[in-house]
Amino acid sequence: MSDDKNNSSSSHALVRAQDLHKSFNGKKILKGLSVDFAPRRTTVVLGPSGCGKSVMLKHLVGLLRPDSGKVYFDDTRIDTMPETKMTSIRRQFGFLFQMGALFDSLNVRMNIEFPLVESGFSDADQRQARVR
């Protein structure tokens with residue numbers, strides 16, 4: 001656990017990053033970031049463009065792997081977890097990408113259904129029920 005005073009009301013961090021480092025093309029973006037996120041709390045991440053907010057969040061949901069450091073979800077280390085096992089972790093997060101967009105070649109129903117198909121919902125009736 002970190003010594004993060006902002007989350008001191010919880011003795012257990014649901015999401016935790018320890019000493020994260022990440023560079024792209026030699027440019028250091030994360031330089032030893034350590035942070036805990038308490039369960040059932042709303043946390044706002046603020047900062048200027050380019051300071052690493054999105055890079056940090058992508059590490060927390062396993063979309064990026066750190067150059068060094070560790071990421072935990074509910075005390076399970078996820079930064080070294082195989083991609084095939086990340087789906088169950090990612091389903092517990094809600095996130096919207098900064099430049100999120102619909103597939104313009106699909107209608108709204110098909111756009112909503114797309115991630116269900118990709119994540120293994122093979123039963124068309126179940127997918128339709130979820131889309132509705």
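The first residue in the sequence is number 1, and the count goes up from there. These figures come from a predicted structure and were not determined experimentally.
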Membership question, hydrophobic clusters at under 4.5 Å side-chain separation (ILVMFWY): are [Y] and [X] in the same one?
{"X": "F24", "Y": "V71", "value": "yes"}
{"X": "L57", "Y": "L63", "value": "yes"}
{"X": "L33", "Y": "F73", "value": "yes"}
{"X": "M110", "Y": "F103", "value": "yes"}

Applied to residues 19-29, the salt bridge (charged side-chain N to carboxylate O under 4.0 Å, His left out) test, sequence neighbours excluded, yields K22-D67
How long is the span from the [atom1] atom in [X] to the [atom2] atom in [Y], to the nearest 0.5 Å?
{"X": "D123", "Y": "Q128", "atom1": "CG", "atom2": "CD", "answer": "10.0 Å"}
{"X": "L64", "Y": "L20", "atom1": "CG", "atom2": "CG", "answer": "10.5 Å"}
{"X": "K85", "Y": "T80", "atom1": "NZ", "atom2": "OG1", "answer": "11.5 Å"}
{"X": "S68", "Y": "H21", "atom1": "OG", "atom2": "NE2", "answer": "4.5 Å"}

Looking at every heavy atom in both [X] and [Y], which two are closest together, and how far apart are they?
{"X": "P82", "Y": "R65", "answer": "C-NH2, 4.2 Å"}
{"X": "G52", "Y": "L30", "answer": "O-CD2, 3.9 Å"}
{"X": "H12", "Y": "P39", "answer": "O-CD, 3.1 Å"}

Report task. Determine yes or no for a side-chain-to-main-chain donor-acceptor pair under 3.5 angstrom, with R127 supplying the side chain and F121 the backbone. Result -> yes
Do side-chain atoms of Q92 reach the backbone of S88 as a donor and acceptor pair under 3.5 angstrom? yes
Got [X] and [Y] here, is their nearest side-chain heavy-atom distance under 4.5 Å?
{"X": "N107", "Y": "N111", "result": "no"}
{"X": "D36", "Y": "V15", "result": "no"}
{"X": "K70", "Y": "I78", "result": "no"}
{"X": "L14", "Y": "R40", "result": "no"}
{"X": "K58", "Y": "K53", "result": "no"}
{"X": "F93", "Y": "V61", "result": "yes"}
{"X": "F37", "Y": "L60", "result": "yes"}

Going by salt bridge (charged side-chain N to carboxylate O under 4.0 Å, His left out), name the residues that satisfy it together with R130, two or more places apart in sequence or in a different chain.
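Once residues adjacent in sequence are excluded, R130 has no partner under the salt bridge (charged side-chain N to carboxylate O under 4.0 Å, His left out) criterion.
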Note to self: Here's one to test your reading of the geometry: is the NZ or CZ of R16 within 45 degrees of the ring axis of Y72 and under 6.0 Å from its centre?
What the structure shows: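 Cation-pi check for R16 and Y72: passes.
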Lys/Arg-Asp/Glu bridge criterion (N-O < 4.0 Å) met for R77, D79:
yes
